[in-house]
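These values consider heavy atoms only, across backbone and side chains, with no hydrogens, waters or symmetry-generated copies. In what follows, residues are counted from 1 in the order of the sequence shown.
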Amino acid sequence: RATALYLAPTKALAADQLASWRALERDGAHWLRAAPYDGDTPTEERTWARQHANYVLTNPDLVHHSLLPGHERWRAFLRRLHYVVVDECHHYRGVFGAHVAQVLRRLRRVAARYGADPVFVLASATVASGGSTSGVSQSTGCPFTSRIAASSSWSGRSCGSTARPPRRAMDSTIRLP
């Protein structure tokens with residue numbers, strides 16, 4: 001049973017993602033056990049997440065301050081770690097980006113200690129398709145393998161129209177009463 005770790009830069013984004021995963025659970029994905037792991041998560045729920053969840057939603061700081069220093073308590077989760085999803089990766093720049101890069105490298109080393117070699121998925125809807133991929137290797141310490149440039153997300157039918165009314169001479173003058 002594989003596990004995945006989802007990293008979000010904001011708690012609101014992680015909460016939105018958790019709501020989506022919980023909807024999948026309700027709709028029949030009974031194998032899925034998603035759990036939040038953030039600063040507001042009560043101790044009992046943190047314990048449950050470590051022992052039973054197969055999809056944990058957290059942030060880089062909690063990985064740094066809780067998961068990595070207490071990796072022995074996470075060994076069952078880390079042993080089966082197949083994916084690390086870093087959402088909104090364009091947020092990780094500058095000093096904070098350097099910190100996150102080191103956290104991801106430490107996570108790779110700790111996961112390897114338990115026999116796991118996770119795939120790192122860096123996601124961003126705002127990175128241009130022609131953007132640089134050198135940051136991926138620098139951030140994770142993994143070689144860059146592929147990029148998905150086309151969106152496969154569902155969208156409804158869209159239509160649009162524009163209208164250009166005829167220009168009249170009086171349109172450019174201002175009339176005062």
Should Phe96 and Val103 be counted in the same cluster of Ile, Leu, Val, Met, Phe, Trp and Tyr side chains packed under 4.5 Å apart? yes

Check: Leu7 and Val63 side chains under 4.5 Å, non-hydrogen atoms: yes

Quick one, Arg1 and Trp31 - any side-chain contact, counting heavy atoms below 4.5 Å? no

I'd like to know if the side chain of Arg46 and the backbone of Thr41 have a donor-acceptor N/O pair within less than 3.5 Å. yes

Is there a continuous path of hydrophobic side-chain contacts, each under 4.5 Å between heavy atoms, that joins Val84 to Leu62? yes

Testing the 3.5 Å rule here: is there a donor-acceptor pair between the side chains of Thr3 and Tyr83? no

With the side chain counted from C-beta on, respond yes when His99 and His64 share a heavy-atom pair under 4.5 Å apart, and no when they do not. yes

List the atom of Ala111, the atom of Pro118, and the distance in Å for their closest heavy-atom pair. CB-CD, 4.0 Å

Answer whether the closest heavy-atom distance between the side chains of Leu104 and Val100 falls below 4.5 Å. yes

May I ask you to test the Val119-His82 pair for a side-chain heavy-atom distance under 4.5 Å? no

With sequence neighbours excluded, tell me which residues meet side-chain contact (heavy atoms from CB on, under 4.5 Å) with Val85. Tyr6, Val121

Who passes side-chain contact (heavy atoms from CB on, under 4.5 Å) against Glu25, sequence neighbours left out? Arg22, Leu32, Ala34

When you measure from the side chain of Arg113 to the backbone N and O of Arg109, does any donor-acceptor pair fall under 3.5 Å? no

For Ser66 and Arg73, which heavy atoms make the closest approach, and how far apart are they? O-NH2, 4.2 Å

Who passes salt bridge (charged side-chain N to carboxylate O under 4.0 Å, His left out) against Asp40, sequence neighbours left out? Lys11

Polar side-chain atom of Asp38 near backbone of Thr58 as donor-acceptor pair, under 3.5 Å: no

Please test Leu107 against Leu78 for side chain to side chain contact (heavy atoms under 4.5 Å, CB included), starting from the C-alpha separation and ending with a verdict. CA-CA 9 Å; Leu107 179 60; Leu78 291 169; 4.1 Å; yes

Can you give me the closest heavy-atom contact between Ala8 and Pro60, atom names plus distance? O-CD, 3.7 Å

Testing Val56, Leu5, Leu57, Leu67 for side chain to side chain contact (heavy atoms under 4.5 Å, CB included) with Tyr37, which one passes? Val56

Parallel, tilted or perpendicular: ring planes of Trp74 versus Phe77, cut at 30 and 60 degrees: perpendicular

State, yes or no, whether a side-chain contact exists between Arg33 and Trp48 at a heavy-atom distance under 4.5 Å. yes

Out of curiosity, does Val86 fall in the hydrophobic cluster containing Val110 (side-chain heavy atoms, cut-off under 4.5 Å, transitive links)? yes

